[in-house]
Structure formats: C-alpha cells, structure tokens
Amino acid sequence: AQKQNDRPQQIVLPVTAQGQYAVNKSPIEGTSVSALAAVLGPLASKEATLVISADAQASHQSVVNAMEAARRTGLSQITFATQSPEPSGS
C-alpha cells in the first residue's frame, strides 16, 4: 500500500507568454522569485517533481525565475513540458 500524504507528487507550473504563473491551475499574483517561492514552499517535498510548462513565447527570464524559486524551496526534481503555438490557418 502506498502511503498518502498532503503534498502532491507533481506540481505543475505553467508560464504564460506574458510571464504569468499558476500552480496546479491556481494563478499566482506577482511574477517575482519571492512570490513564486511563497506559493511553492508549502507544496515542496523531496518526492515532489516540479513540471515547468512554458509557453513557446515565454521569456527565458520567466523560466529562470521559476527554477530559482524551486531551488529556494528545495524542489530539486524539475522537468519541462513545452507548449507549441497554435497552428495558423495558412
């Protein structure tokens, strides 16, 4: 039997083209490393994996901020999922 705990095993962090973040579908106010770390901290555990899902148009700095927030909160397992731009009708 698998032990249940309150913390998720996977934390999904979408990054929009405008540099906005959400954690597990809940938008985050602010885009600073501190704002992200404040939300990620309570969810962090050694077993958790952070999935950074960055829009193709998101800035590199937005992704770097997400990685720094993860480091500050002890999230060492990070993976990336990409979002392709919508195909145009041409």
Side-chain angles (χ1 to χ4, degrees):
Q2 194 173 5
K3 189 175 91 171
Q4 295 286 335
N5 64 24
D6 296 6
R7 295 180 179 179
Q9 296 290 5
Q10 190 175 75
I11 302 165
V12 180
L13 179 70
V15 183
T16 68
Q18 295 77 31
Q20 298 295 309
Y21 303 98
V23 172
N24 296 332
K25 299 184 182 178
S26 298
I28 296 175
E29 285 195 34
T31 58
S32 68
V33 174
S34 299
L36 274 171
V39 175
L40 291 174
L43 302 173
S45 70
K46 289 186 177 182
E47 299 82 31
T49 300
L50 179 65
V51 180
I52 298 174
S53 179
D55 184 280
Q57 301 300 314
S59 73
H60 286 93
Q61 189 61 53
S62 298
V63 176
V64 169
N65 286 354
M67 294 171 66
E68 175 60 14
R71 185 191 67 78
R72 288 188 188 180
T73 58
L75 286 163
S76 59
Q77 298 181 62
I78 302 173
T79 189
F80 294 92
T82 58
Q83 301 172 12
S84 299
E86 292 295 318
S88 63
S90 55

Who passes side-chain hydrogen bond (donor to acceptor under 3.5 Å, both in side chains) against E68, sequence neighbours left out? R71, R72

Suppose we screen for side-chain hydrogen bond (donor to acceptor under 3.5 Å, both in side chains). Which residues come up paired with E29, at least two apart in sequence or across chains? none

Within the structure provided, determine whether T49 and Q9 are in side-chain contact (heavy-atom separation under 4.5 Å). no

Could you tell me whether the side chain of T31 reaches within less than 4.5 Å of the side chain of N65, counting heavy atoms only? no

Taking only residues two or more places apart in sequence, or in another chain, which ones meet S59 in a side-chain contact (heavy atoms from CB on, under 4.5 Å)? Q61, S62

CE/M67 to CG/L75 distance, rounded to the nearest 0.5 angstrom? 12.0 Å

Please name all residues satisfying side-chain hydrogen bond (donor to acceptor under 3.5 Å, both in side chains) with S32, sequence neighbours left out, ordered by chain then number. none

For the atom pair OG1 (T79) and CD (Q10), what is the distance rounded to the nearest 0.5 Å? 8.5 Å

Cluster overlap I78 with V63, hydrophobic side-chain contacts below 4.5 Å: yes

When every non-hydrogen atom of P14 is compared with those of A22, the smallest separation belongs to CD-O, 3.0 Å

Please find the pair of heavy atoms, one from G30 and one from Y21, that lie closest to each other, and give the distance. O-CD1, 4.2 Å

Under a single-linkage definition using a 4.5 Å side-chain heavy-atom cutoff for Ile, Leu, Val, Met, Phe, Trp and Tyr, are V15 and F80 assigned to the same hydrophobic cluster? yes

Closest contact, heavy atoms only, A66 versus L36: CA-CD1, 3.8 Å

Donor-acceptor pair, distance only, cut-off 3.5 Å: does the side chain of N24 make one with the backbone of V12? yes

Partner set under side-chain hydrogen bond (donor to acceptor under 3.5 Å, both in side chains) for T73, not counting sequence neighbours: none

If the condition is side-chain contact (heavy atoms from CB on, under 4.5 Å), which residues does V23 pass it with, not counting sequence neighbours? I11, L13, I28, V39, L40, L43

Would L50 and Q77 count as a side-chain contact (heavy atoms from CB on, under 4.5 Å) if you check the C-alpha gap in whole Å, the side-chain angles of each, and the deciding distance to 0.1 Å? CA-CA 6 Å; L50 179 65; Q77 298 181 62; over 6 Å; no

